[in-house]
Amino acid sequence: MTGSGTRSWWGWGTVEDAVRGAELRDLVDRASALLPGADLTDHPPPDVPSLGLPPPRIVPPDSLAALCSSDPTDRAAHTHGRAFRDVVRNLLGDLRHPPDLVVRPTVEGEIVDVLDWCARVHVAVIPFGGGTSVVGGVEPRLDGDFSGAVSLDLGALEGVREIDRTSRAARIGAGTLGPALEDELRPSGLTLRHFPQSFEFSTLGGWLATRSGGHFATGYTHIDDLVESMRVVTPAGTCESRRLPGSGAGPSPDRLFLGSEGVLGVVTEAWMRLHPRPRWRADASVHFTDYGAAVAATRAVAQSGLRPANCRLLDPVEAFVNAATPSGGGVLLLAFESADHPVDAWMDRAVELCRGHGGTLPEAPRRTAPEAPRRTAPEAPRRTGSAGDERDTDAAGRWRSSFLRMPYLRDALAARSMIVETFETACTWDTFASLRAAVHDAANDAMRRAGATGVIACRFSHVYPDGPAPYFGIYAAGRWGSTVAQWDDIKAAVSEAILAAGGTITHHHAIGRDHRPWYDRQRPEPFAAVLRAAKSALDPAGILNPGVLIGPVASAPDGPTSS
């Protein structure tokens, strides 16, 4: 349960917020118009009792039994993350690798006890925050001779435990969900200002373990930059870094654990840098007739030093599909915010740069001052989109509403044989055009081979002075029962294209098990040796999240496990 709904065991979010009624009818109509001839027959999820989950292979010691659950629904909900392929496998009742137990420690000492027990009996431990991984990061898909697997659910390690207003930092439990974190900070007038799309259902510990990125396009949007210190429990002992604004004392211990995805230790809490809550805002939608000019304008803004909160370029397909805005060259969504001063001058300069590249504004920039606050503060994503928000009449508002509902819309389409999934990367500005062309060619070829008719969309999720983070979307008509295999073929093809074009296999979605083949080729081999040495030192029994980042990989995403 969340504070306002029942978590779905098979799909995104809460049961209460699933797509239904007029929203569902409109979604199906739009899918039919986009892909005529698609079979959009609904395939509802199975009941958990019909899944036939195997009985647990392990029995916890009496000292830990009260922390453990073998409830079938609990185990089913912890079997997969929430990627497209996870949702479809759940819909098909294909749960081949359920955890034997879900373990919920309430204090750090219990984590130590769980790791000690699992090391003794060689049980794999899969750290689990909100379960929103889209790369197989929380799936007990294992090779090796493990006697079993437990999902270590850290949700009880929650709460803002201390606020240092002088230094603008807070000590926060790793299991704290995004909305609860911001609710507890709000009376202080401070915010972490980290809002990934999974914000409502993901945790601080998950953000740290996967090096997540928030939806702000520039500035302090990566969780890495917001960490002051971390506390991590490893099988070899507990590691806690010193609270400092910066340090040149050798390699950073925090950097070792950031992005380690639970293979080196379990994050239990962290001191995080905070910001005053914004008071002044301005936003605008800039339209272009030529996509190359739109990219050039976005680069000019990214390299200007203006540091907009939002600088998201939607290509024509993305603008049409998710913002209901026809555009020959795309739409650039711009926004600025500040807790200290008006941002009009920054917005005016950004608009001037865009107009220099042929951009036009159907509406003047919207500006908000402290004396006239928005009815709905935009600093945190809302649960069910933004229906009724006064900004939904423009491209930025419509796209934002769609952005917040995308995972729910994805689930509804996945149940109707659609292939709806995303993949992201980052590259330098000089290589973007060739990378985008290579990805489009690879995706179109793969869809043809897979017998799937679809379209490819692209947006910039983040921009840097030296390059963008392109975020691609695939919308295709698949065949029920084959959509996972069809997507896997497309994903492999575009991943090869990304790596060959000089991009990264992921910008902010982590590695998990699904990205391992390409990550192994992207990282330098000496660094891989360092990771293996760290793993050996911190986790001698090799029980923490096996197959992620280093070590043996499961033979195939959907093949039988040998664990």
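Sequence positions, counted from 1, serve as the residue numbers for this chain.
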Got [X] and [Y] here, is their nearest side-chain heavy-atom distance under 4.5 Å?
X    : Y    : result
I126 : P99  : no
R479 : Q486 : yes
V484 : R89  : yes
K535 : L544 : yes
V102 : V150 : no
I111 : L154 : yes
H78  : D153 : yes
P98  : P54  : yes

By side chain to side chain donor-acceptor pair (under 3.5 Å) - contacts of [X] (at least two apart):
X    : value
D411 : none
E261 : none
Q522 : T504

* Asked: Between D514 and R141, is there a salt bridge with N-O shorter than 4.0 Å?
  ->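 D514 and R141: salt-bridged.
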* **Electrostatic pair D488-K491, nearest N-O below 4.0 angstrom** =>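 Looking at K491 together with D488, the answer is no, because their closest N to O distance does not fall below 4.0 Å.
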Regarding [X] and [Y], do their side chains bring together a donor and an acceptor under 3.5 Å, going by distance alone?
X    : Y    : result
E424 : T506 : yes
R513 : N545 : yes
H194 : S212 : yes

* H508 and H462 aromatic centres sub-6.0 Å ->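 That pair passes the under 6.0 Å test.
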* Asked: Is it true that Y471 and H509 have ring centroids separated by less than 6.0 Å?
  ->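 Yes, they do, as the ring centres are separated by less than 6.0 Å.
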If you round to the nearest 0.5 Å, how far is [atom2] of [Y] from [atom1] of [X]?
X    : Y    : atom1 : atom2 : answer
I550 : R516 : CD1   : CZ    : 8.0 Å
M272 : L226 : CE    : CG    : 5.0 Å
Q197 : L404 : CD    : CG    : 7.5 Å
T73  : L53  : OG1   : CG    : 8.5 Å
L152 : I543 : CG    : CD1   : 9.5 Å

[X] and [Y]: which non-hydrogen atoms are nearest, and at how many Å?
X    : Y    : result
L157 : V107 : CD1-N, 4.3 Å
G206 : T210 : O-OG1, 2.7 Å
A76  : W9   : CB-CE3, 3.8 Å
P468 : P470 : O-CD, 3.3 Å

Output yes when a side-chain donor or acceptor of [X] lies under 3.5 Å from a complementary backbone atom of [Y], and no otherwise.
X    : Y    : value
S260 : F257 : yes
D100 : A149 : yes
R416 : A31  : no
T176 : G159 : yes
R120 : L115 : no
R521 : P517 : no
E182 : L192 : yes
T79  : R75  : yes
E421 : F84  : yes
D489 : A446 : no

Contacts under 3.5 angstrom, residues 313-323 side chains, donor-acceptor by atom type, not counting sequence neighbours:
unit_1, atom_1, unit_2, atom_2, d
D315, OD1, V317, N, 3.1
D315, OD1, E318, N, 2.8
D315, OD1, C458, N, 3.3
D315, OD2, C458, N, 3.0
E318, OE1, N322, ND2, 3.4
E318, OE2, N322, ND2, 3.1
E318, OE2, W399, NE1, 2.9
E318, OE2, R459, NH1, 3.3
N322, OD1, S402, OG, 3.1
N322, ND2, Y475, OH, 2.9

* To do: Measure from NZ or CZ of R193 to the centre of the six-membered ring of F216, then state whether that distance is under 6.0 Å and the direction lies within 45° of the axis.
  =>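 Yes, cation above the ring, under 6.0 Å and within 45°.
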* Applying side-chain hydrogen bond (donor to acceptor under 3.5 Å, both in side chains), run through W480 and T41 and close with a yes or a no. => CA-CA 9 Å; W480 184 248; T41 303; over 6 Å; no
* Audit row: D17, T14, side-chain hydrogen bond (donor to acceptor under 3.5 Å, both in side chains) steps and yes/no -> CA-CA 5 Å; D17 284 335; T14 66; 3.2 Å; yes
* Criterion salt bridge (charged side-chain N to carboxylate O under 4.0 Å, His left out) on E108 and R231, from CA distance to verdict -> CA-CA 10 Å; E108 189 176 281; R231 186 171 173 87; 2.7 Å; yes
* For R405 and E23, run salt bridge (charged side-chain N to carboxylate O under 4.0 Å, His left out): C-alpha distance rounded to whole Å, both residues' side-chain angles, the deciding distance at 0.1 Å, then the answer. => CA-CA 11 Å; R405 290 293 284 165; E23 184 185 25; 2.8 Å; yes
* To do: Determine the interplanar angle of the F423 and W487 rings, folded into 0 to 90°, and report it as parallel if under 30°, tilted if 30 to 60°, perpendicular if over 60°.
  =>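 Aromatic pair F423/W487 classed tilted.
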* Check the angle between the aromatic planes of F201 and W12 and answer parallel, tilted or perpendicular using the 30° and 60° thresholds. =>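 Answer is perpendicular, since the angle exceeds 60°.
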* Residue list, ring-ring contact (aromatic ring centres under 6.0 Å, His included) with Y519, at least two apart or on another chain ->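 With neighbours one apart ignored, the set is empty.
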* To do: Please test D29 against R25 for salt bridge (charged side-chain N to carboxylate O under 4.0 Å, His left out), starting from the C-alpha separation and ending with a verdict.
  => CA-CA 6 Å; D29 287 346; R25 291 191 294 273; over 6 Å; no
* Which pairs, with at least one residue in residues 61-72 and sequence neighbours excluded, count as a side chain to side chain donor-acceptor pair (under 3.5 Å)? ->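 Pairs touching residues 61-72 that pass the test: S69-D74.
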* Might you work through the salt bridge (charged side-chain N to carboxylate O under 4.0 Å, His left out) test for R82 and D86, ending with a clear yes or no? => CA-CA 6 Å; R82 289 300 179 265; D86 300 329; over 6 Å; no
